[in-house]
Amino acid sequence: MKIVFYGVHSYDIEFFTRANKNFGFECVFQRAHLNIHTTALAQGAEIVCLFVNDFADKKVIEEFSRIGVKLIALRCAGFNNVDLNAAAQYGIKVVRVPAYSPYAVAEHACALILTLNRKIHRAYLRTKDGNFSLHGLMGFDMHGKTAGIIGTGKVAKKLIKILQGFDINVLAYDLYPDEEYAKNNNFRYTDLNEIFEKSDIISLHCPLTEDTTYIINENSIAKMKPGVMIINTGRGKLIDSEALIEGLKQHKIGAAGLDVYEEEANYFYDDNSDNIIDDDKLARLLSFNNVVITSHQAFFTHEAVSNIAERTLENVQEFIDGKPLSCEVKNI
């Protein structure tokens, strides 16, 4: 069975080739991202494998249907880059990897918090240049602070445990609160207003939906404590970048750690060091010394990428065998 992979990097080839020894699929690795102009690369394949910056909108789905694609296998947890209505309309199944390593993402979120708090990024650049001044590097004790966690899936639950190791108080919000887990792990669910009003650190771990798009916006920022730190390892469009920039300029937001960006597809995972960044919002965010942006790498550990490759190919095998698709994504 032939699988065409879009948006491939060297590590994808390495890990999927290794995992494929247990399956024996014909894997065709394409560097190009998926869009309407690259659908022809899937000619002759019933299965395509996509990552976060491959976009399967209705036109792409229509073309896939025409050339015989029957399964979209996402090698990620998020699925907002696929038009599920169109996929259902044309009978194309969609599967994903719902969990690969919650530790990886939670630990990266904590790394962003610590980096921003203790100004590690600034200290590193200074000392490389022989500057050992402490001016501007003062942080705060994590002990006794309050963290607001929006979305309490597997990643968030791991982060909560990490933060509690610093004696941080945790408030959480979720549409479907796990009250039993909260009771057993000494944190409390509340509404978004209290999260915004009382949190010293806010970390985003909710899926991107119509309701959560720009959940961090001008109005929510106005409710926050002065100097709040915002961390996003979820999806870029959870934050209105213009509102974030304004909050940083007004010193309402004390720091921001972003592993994702709402228009990241044009930049992330590629070397753009020889090019001018013509996205004004991204360029402005990069100019702040209290903003750390990483390249959607929170998932990027050996364990996580191994699990992604294995689970993706297991999803494909289920499809080929005609079994129920345990990781199928269906439109609600």
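Throughout, numbering of the chain's residues begins at 1 and tracks the sequence.
For N81 (side chain) and N53 (main-chain N/O), no donor-acceptor pair under 3.5 Å exists by modelled atom type.
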Requested in this report: Decide yes or no on salt bridge (charged side-chain N to carboxylate O under 4.0 Å, His left out) for E246 and K249, but give the supporting numbers first.
Outcome: CA-CA 5 Å; E246 194 60 31; K249 287 168 61 179; 3.8 Å; yes
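At a threshold of 4.5 Å between non-hydrogen side-chain atoms, the residues F268 and N266 do not count as touching. Side chains of E180 and N184 form a contact here, defined as non-hydrogen atoms less than 4.5 Å apart. Side-chain contact between I149 and F187 is absent, with no heavy-atom pair separated by less than 4.5 Å. At least one side-chain heavy atom of H108 sits less than 4.5 Å from a side-chain heavy atom of L112. In this structure, N185 and K157 have side chains that are not in contact, with every pair of non-hydrogen atoms separated by 4.5 Å or more.
At least one test fails for K93 against the ring of F319: distance under 6.0 Å to the centre or angle within 45° of the axis.
Under the side-chain contact (heavy atoms from CB on, under 4.5 Å) criterion, V260 pairs with N232, E264, H296, not counting sequence neighbours.
Annotation: K154, atom NZ; neighbour count of heavy atoms from other residues, nucleotides and ligands within 6.0 Å does not exceed 12.
Ring-plane geometry between F29 and F5 is classed as tilted, the angle between the planes lying from 30 to 60 degrees on a 0 to 90 degree scale. Using cut-offs of 30° and 60° on the angle between ring planes, the pair Y6 and F64 is tilted.
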